[in-house]
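Sequence lines set the chain letters: A, B, ... in the order given, protein chains first and strands last, and positions in each chain run from 1. Scope of the values below: all heavy atoms of this structure, side chains included, with no hydrogens, waters or symmetry mates. This one's a predicted model, so the numbers in the text were calculated from it and none came from an experiment.
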Amino acid sequence: MINNKRVYPDKPTKVYFFGTCLVDLLYPEAGVDGMRLIAREGVKVIYPQNQTCCGQPAWNSGYREQARAVARQQMSCFPNNHPIIVPSGSCAGMMRYHYPELFKGEREETTVQAFAQRIFELTEFLVHVLKINRQDLGKPIKVALHTSCSARREMGVAEEHERLLAQLENVEIAQHMRKEECCGFGGTFAIKHPEISAAMVEEKSDALLQENPERVISGDCGCLMNITGHLKQRESRLRGQHIASFLWERTNATDS
Amino acid sequence: MQQTVDFQNRSHNALGDPQIRKNFRSAMDGLIQKRRQAFPEREALEQLRWKGEKIKANALSKLPALLAQLEENCVKNGIQVHWAETVEEANHIVLDIMNRHDAKQLIKGKSMVSEEMDLNHFLEQHGIECLESDLGEFIIQLINEKPSHIIAPAIHMNRLQVAKLFNEKFPEIPYTDDVDTMTRNARDILRRKFYEAPVGLSGVNFAVAETGTLCLVENEGNGRMCATVPQVHIAVTGIEKVVEKLSDIPTLLRLLTRSATGQPITTYFNMINAPRQSGEKDGPKEVHLVLLDNGRSRIFQDAELISTLRCIRCGACMNNCPVYARIGGHAYGTTIPGPIGSILEPQKSGLDELGDLPTASTLCGACAEVCPVRIPIPKLLNRLRFEKNRTDETGSVKGAGSGREWKEATLWKLWQILHATPPLYRIGVKIITRLRGLMPTQLGPWTSVRKAPRIAKKSLHELAQEEGFDHE
Ligand code: SF4
């Protein structure tokens, strides 16, 4: 589970962007902002129109055959040997670590292993490959960061999330209680065990609200959908934002 | 599935009980903290965990040979070895030993395998009184409950609840809620029993094949009393507890005590080699070792699931589990609760009975991150979810395929068609975004504590095109 230290390539000329289904439908601006962040560093970004979903929902529900069919479709979208950037720890984890498991013993096994090596979660790509460091143009703000469990434990990029926020001079990061703890989303878990999930998101939200942040930032839209959905239900004014959108908003001259 | 309903009901009740919520949360927070302090250096910890994994994986890779070697060496040392394929067999082995000595009382140290056997219940039916001597076990035995945690069986109760219970059960002792005084009182009660009971029973943490040594890790000294004061000592354990060499023990012990309670070492660490030898003044005259299978050899046969058997029962996975911390151990309804229970128990009882437990996890990975022998618990939960739904006949897991429901399977099939056919997907997304105003505001269980998510006006597919990003 724990990510071993990864050797990062030099800055490429082109990358693919895999937006993820949640971003596609619920947070498309996060996808656009992620692509802008990369393109601004002089890298050409390709967004294949045939992409859909990484297949994780079926994989985590025990429907491997269905997951495999969908995973095959995704892999066919990225034929050239460019890095593939994913603005989500959990979808990146799926493609990087679980695709090889999913195709174990299948005829594509070795191609899938090579494919998995090309997967980068957005923040690790920004920090280690593009080495971005832009000036913060925004007003002082206090934000809380919720790093998803897959970003933290599977992709091992919690530190990268923090580093990107720490680069922003006027941004104060509010530390919250048990920040390593899961928000209770877990995909179909939230549907199968709604009461346990509810207890988890309630306590996560309590911890966040206690610090009085002006925004909750996350690199995963599953967590955002869960936490902000609950905050709205509580009629809290605290809003959530994907880290890509937050970074773009803070560093892009025309937007702020 | 009745079990599903039971699990849902039990967790519903636990979630609605503020005392349970508070007791577990604060106890788990404390244990998490202690473990963290016990492993100050990340790199050293990771290396130790690798070593722990290797030791246990090595032992499992030669399990049959090591068990044979263990038996041989135990017998050489004078320990009588018994094999039990089922809990019934194990119970009868213990009963036979009791009967042979005409023993009506059994004093017990903490043993999760005896819980697995439901030994107390079984022996009581045969007129034998069982006395738990571990403080936590002693407490829950007073109210006829099961352990809610594998190393801290009464963790679901707080100090004041225990004080009240003692006062009810032992009215002759003046009320106190001071932990030390309560412990001393319990000790006094138990001391007397130790002198009376002719047979003592304990678990085993590690059984060393090379030397025929049984290692017992504990904090209260009651384990040592059980193994030394009565004339007969019975040790019960699962076959997966065997390790190859004596030199494997220091690593495992360091991992176990630090992961469990954050202690560098427990107050007592016992290595039992033999019964009383001639010329010795104390120790039991007979030592028995009962080795229980109960489904373990089936788990042993699967190349992936075998890592379930590496578990050294430290409890760290439950301490760190956000689900366990909220619903507590009893909600699981199994001998072993928490993340390890959710992979182990369904394999033993069958997915038809306990197939719901592998779904009771967000796969957050907190368990695997702390497990001292690096059991990839989320991966195995995922595997069991697959086994539960698989349709072919090749599944080796008990109850494989039992959870497949045509409605759910059809939904996933439709999901597959939609997501493996890009034009269809794009049309679908376009329709949904255009009709977003018609989206229902109630989405089943999701909206019980959340507002429904808002569908975007335009999808990323559309925006990417509008923004001029190339598509190939
Ligand atoms: S699975 Fe790992 S963490 Fe959990 S009790 Fe067993 S050894 Fe400890």
Determine whether [X] and [Y] make a side-chain contact, defined as any pair of heavy atoms from C-beta on separated by less than 4.5 Å.
X      : Y      : answer
A/P194 : B/W446 : no
B/Y425 : A/D24  : yes
B/F7   : A/H193 : yes
A/M200 : B/T362 : yes
B/L363 : A/F189 : no
B/L460 : A/Y47  : yes
A/C182 : B/P322 : yes
B/P422 : A/Q73  : yes

Sort [X] into side chain, backbone, both or neither according to what part of it lies under 4.5 angstrom from a heavy atom of chain A.
X      : value
B/N320 : neither
B/K458 : backbone
B/S11  : side chain
B/A409 : both

[Y] and [X] side chains, donor-acceptor separation under 3.5 Å:
X      : Y      : answer
B/H12  : A/E195 : yes
A/R64  : B/N389 : no
B/R450 : A/N226 : yes

Between [X] and [Y], what is the shortest heavy-atom contact and its length?
X      : Y      : answer
A/Q66  : B/W412 : CG-O, 3.6 Å
B/Q416 : A/A69  : NE2-CB, 3.4 Å
B/K451 : A/Q233 : CG-N, 3.7 Å
B/W415 : A/V70  : CZ3-CG2, 3.5 Å
A/I196 : B/L15  : N-CD1, 3.7 Å

Presence of salt bridge, [Y] and [X], under 4.0 angstrom:
X      : Y      : value
B/R404 : A/E65  : no
A/R152 : B/E369 : no
A/K192 : B/E408 : yes
B/R21  : A/E203 : yes

Item to complete: Assess whether atom CD of B/E472 is packed by more than 12 heavy atoms of other residues, nucleotides or ligands within 6.0 Å.
Response: no
So, the side chain of [X] versus the backbone of [Y]: is there a donor-acceptor pair under 3.5 Å, distance only?
X      : Y      : value
B/R385 : A/W59  : no
A/H230 : B/V449 : yes
B/H461 : A/Q49  : yes

Item to complete: Please step through side-chain contact (heavy atoms from CB on, under 4.5 Å) for the pair A/K44 and B/D470, ending with a clear verdict.
Response: CA-CA 9 Å; A/K44 188 177 153 138; B/D470 284 350; 2.3 Å; yes
Fill in: side-chain contact (heavy atoms from CB on, under 4.5 Å) between A/N50 and B/R426, intermediate numbers included
CA-CA 8 Å; A/N50 280 346; B/R426 284 195 299 269; 2.9 Å; yes
Worksheet item: For the candidates A/C21, A/G19, A/C149, which exhibits the highest count of non-hydrogen atom pairs separated by less than 4.5 Å from chain B?
Response: A/C149
